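So the structure is just underneath, and the comments pick up after that.
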There are 4 protein chains.
Amino acid sequence: VSTTRLEAFSDAVIAVAITLLVLDIRVPPTPPGTTLASALGHQWPHYVAYATSFVTIGIIWINHHAMIGRLRVANHAILVLNLLLLLSIALLPFATSLMAAYVNQSAGQHLAAVIYAGSFLFMAILFSALNAYTLVVRPQMLDVDLSANQRRRVLTRSIIGVGPYLLATVLAVVSAYVTLGLCAGLAAYYAFPTASGGGQPKPAG
Amino acid sequence: VSTTRLEAFSDAVIAVAITLLVLDIRVPPTPPGTTLASALGHQWPHYVAYATSFVTIGIIWINHHAMIGRLRVANHAILVLNLLLLLSIALLPFATSLMAAYVNQSAGQHLAAVIYAGSFLFMAILFSALNAYTLVVRPQMLDVDLSANQRRRVLTRSIIGVGPYLLATVLAVVSAYVTLGLCAGLAAYYAFPTASGGGQPKPAG
Amino acid sequence: VSTTRLEAFSDAVIAVAITLLVLDIRVPPTPPGTTLASALGHQWPHYVAYATSFVTIGIIWINHHAMIGRLRVANHAILVLNLLLLLSIALLPFATSLMAAYVNQSAGQHLAAVIYAGSFLFMAILFSALNAYTLVVRPQMLDVDLSANQRRRVLTRSIIGVGPYLLATVLAVVSAYVTLGLCAGLAAYYAFPTASGGGQPKPAG
Amino acid sequence: VSTTRLEAFSDAVIAVAITLLVLDIRVPPTPPGTTLASALGHQWPHYVAYATSFVTIGIIWINHHAMIGRLRVANHAILVLNLLLLLSIALLPFATSLMAAYVNQSAGQHLAAVIYAGSFLFMAILFSALNAYTLVVRPQMLDVDLSANQRRRVLTRSIIGVGPYLLATVLAVVSAYVTLGLCAGLAAYYAFPTASGGGQPKPAG
């Protein structure tokens with residue numbers, strides 16, 4: 001199976017998921033006695049969660065791009081692993097809304113943060129699994145010649161990327177704000193050009 | 001008519017439909033006396049129906065991929081049959097929401113399950129009809145040389161795939177849970193690599 | 001400007017619009033004393049309007065496919081006319097919801113039907129305008145050699161396609177049901193293979 | 001990194017964002033004593049904001065098309081700048097809804113207009129930043145040979161395009177109607193073929 005349609009379908013799912021995030025930012029009502037400025041201001045968790053999720057999905061897309069670019073063909077296992085990765089990405093509009101709605105609430109904020117960071121963790125693990133499968137189990141499906149050394153380096157980098165999201169998930173039991181801040185910081189870190197070694201995209205997950 | 005744009009359009013519709021499924025998973029309110037954990041827990045049918053529909057649409061995409069890949073050109077009949085197949089896929093976010101909302105309710109659960117499994121059945125029948133048309137009525141439009149034997153085998157496999165969804169639809173009159181479980185099991189079965197003969201995608205419908 | 005990205009963007013907009021139609025089919029509540037069957041039955045105008053709009057957009061996509069396929073390059077005027085055509089298609093989820101919500105209501109049904117058929121009319125006129133521009137004003141941009149005769153035939157067919165939608169819009173003042181039935185009939189007519197001359201797609205608008 | 005998938009992903013995000021705009025146009029209820037005509041009439045800001053945003057996003061797409069068309073390859077910085085540009089475009093369905101909901105309200109109309117025009121301004125600045133990066137910082141990544149003179153002209157045009165949106169944002173403190181009218185006028189101006197020098201797309205931002 002060629003990778004062209006796999007790329008096209010993945011691009012489309014990721015593009016729809018990233019764009020659906022905006023549906024969580026609602027036009028607030030302004031009952032008498034409130035101003036639009038304060039109503040919009042109270043929605044700040046939605047803006048932070050939106051930007052964090054948008055950039056994180058964008059980074060995953062960049063890395064997905066690089067991963068599929070290394071493949072020559074895809075088999076059924078790759079298609080299904082990729083489908084599960086897309087499932088984890090398509091869930092992010094829900095996880096993002098949940099985080100934004102509950103981060104400020106005394107009841108539920110920890111669970112919401114666990115689910116939010118846990119969704120990124122789930123995505124990062126599936127990304128690494130797909131990387132491991134193509135690099136270790138089916139290296140003959142790679143389009144480019146990578147030495148065992150290079151394959152190990154790509155895979156290690158991808159597994160290391162799981163770590164911060166595991167940390168963010170664990171820290172959710174301490175504070176939902178810490179989790180949100182860590183996820184936002186990771187998005188900024190991976191987006192920042194120098195952090196990724198000068199033009200070389202670096203696996204986020 | 002070339003099949004490139006047919007693929008691109010189909011990919012996009014399937015990708016939007018699969019990603020819209022997430023809109024059915026709502027952030028639950030937590031009135032005083034309830035916890036977020038229990039509120040999320042009560043939504044379990046939405047998660048099961050979401051995962052089932054997501055993977056089933058994904059499998060249909062993989063098979064659609066293979067079917068269009070066999071075609072050299074498309075005529076008006078193929079375009080229209082494909083359009084009806086896309087219509088059946090685009091309806092799944094509704095059928096999935098309906099199933100998730102009613103599976104737990106004493107009134108309406110059987111009808112919801114009939115409609116849910118019936119939507120998959122409708123999709124599987126249209127998929128087989130498209131297969132039958134290209135393999136039997138217009139074999140000269142195929143891109144690859146398939147013997148009459150091979151064509152029969154592909155078609156038979158696709159028609160056999162209709163069976164389980166017919167069963168799931170019929171069993172809805174017994175229990176909506178059985179229908180949901182059967183649909184979920186079918187999605188898992190088709191996704192499981194060894195079930196599909198080692199890297200060979202197998203028509204789900 | 002090459003037509004490849006024009007096609008890709010148009011395909012994506014049309015695919016999103018056609019798939020968003022499903023958001024108008026809601027899971028109905030069933031207050032005590034009602035059954036799900038009757039609640040779903042009362043929603044029949046939504047199913048008819050959904051299928052009609054889905055197939056009509058699909059037919060427009062097929063014709064759009066053929067129109068862009070005739071082009072070698074696109075200039076700014078073609079891009080903007082195409083953008084307006086996409087705007088008219090992207091409005092259809094609204095027009096479809098409006099029609100479905102009001103066709104059964106004594107007040108507003110005629111206006112809703114005027115807007116519904118009028119949206120198709122608007123789309124058909126823009127489609128013809130784009131056809132006229134490429135065939136008459138900028139024939140040097142065509143990819144294929146068409147005689148003046150052939151160009152005239154394509155254009156005539158496309159202008160004739162405007163007629164039924166004009167009729168459906170006018171008949172809305174008589175009965176909204178007639179308009180809905182006529183639009184549904186047109187969708188079925190254009191989808192039916194033999195109606196379009198054996199595999200030759202025929203402009204719907 | 002090749003630009004093909006960058007284009008495909010950008011096209012998809014822009015296409016979803018432009019099509020989601022329609023979700024802001026709702027089917028109005030008609031309580032006793034009101035007519036559908038008046039209910040629809042009261043929604044006029046939604047139609048104006050819809051058309052303005054749709055055409056503006058469409059123009060940005062045309063210019064994005066031209067910008068990426070000049071590139072041979074993309075590095076991480078280009079991918080991230082492009083991602084931020086997509087983020088600004090994906091926010092427009094929210095900004096458009098906000099503008100439409102508040103332009104008629106005595107409280108909040110100025111802020112809504114600042115955010116609406118400010119979103120276009122943000123988009124125009126990111127577009128210029130991406131242009132500046134590719135034309136000035138990384139000219140070796142360009143696919144075509146452009147003289148320093150031509151590069152300067154493209155960049156100047158793109159920076160000049162920021163001006164009107166800065167003006168529209170500032171004028172929001174005077175009147176939200178002026179801002180909406182100016183944004184609508186700019187969309188019409190850029191769409192009008194002769195305004196863009198006869199078939200040559202001209203950067204809107």
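Reminder, nothing fancy here: chain letters follow the sequence lines and each chain counts from 1. Treat the numbers as computed from the prediction; the structure is a model and nothing was measured.
Between chain D and the options C/P93, C/A90, C/S10, the largest number of non-hydrogen pairs under 4.5 Å is found for C/A90. Interface remark: of the candidates D/L23, D/I18, D/V27, D/L21, D/V27 forms the most heavy-atom pairs closer than 4.5 Å to chain C. Put simply, of C/I115, C/L98, C/I78, the one with the most heavy-atom pairs under 4.5 Å next to chain D is C/L98. Listed options C/L83, C/V16, C/L6 were ranked by heavy-atom pairs under 4.5 angstrom with chain D; first place goes to C/L83.
For D/P29, the part sitting under 4.5 Å from any heavy atom of chain C is the backbone (N, CA, C, O) and nothing else. Neither the backbone nor the side chain of C/L81 comes within less than 4.5 Å of any heavy atom in chain D. Heavy atoms of C/A112 lying under 4.5 Å from chain D belong to its backbone as well as its side chain. Looking at C/A17, the atoms closer than 4.5 Å to chain D (heavy atoms on both sides) sit in the backbone and in the side chain alike. Heavy atoms of D/T19 lying under 4.5 Å from chain C belong to its backbone as well as its side chain. Of the two parts of C/L20, only the side chain, counted from C-beta on, holds a non-hydrogen atom closer than 4.5 Å to a non-hydrogen atom of chain D.
Between D/Y177 and D/W44, the angle of the ring planes stays under 30°, which puts this pair in the parallel group of the 30/60° scheme.
A donor-acceptor contact shorter than 3.5 Å is absent between the side chain of D/Y116 and the backbone of D/A172. The backbone N or O of C/A168 sits less than 3.5 Å from a side-chain atom of C/T179, completing a donor-acceptor pair. C/S88 places a side-chain N or O within 3.5 Å of a backbone atom of C/L85 that can act as its donor or acceptor partner. Panel note: side chain C/R72, backbone C/Q140; a donor-acceptor pair is recorded below 3.5 Å. One N or O on the side chain of C/Q150 and one on the backbone of C/S147 form a donor-acceptor pair closer than 3.5 Å.
Taking CG of D/L87 as the reference point, atom CG of D/N82 lies at 11.5 Å (rounded to 0.5 Å).
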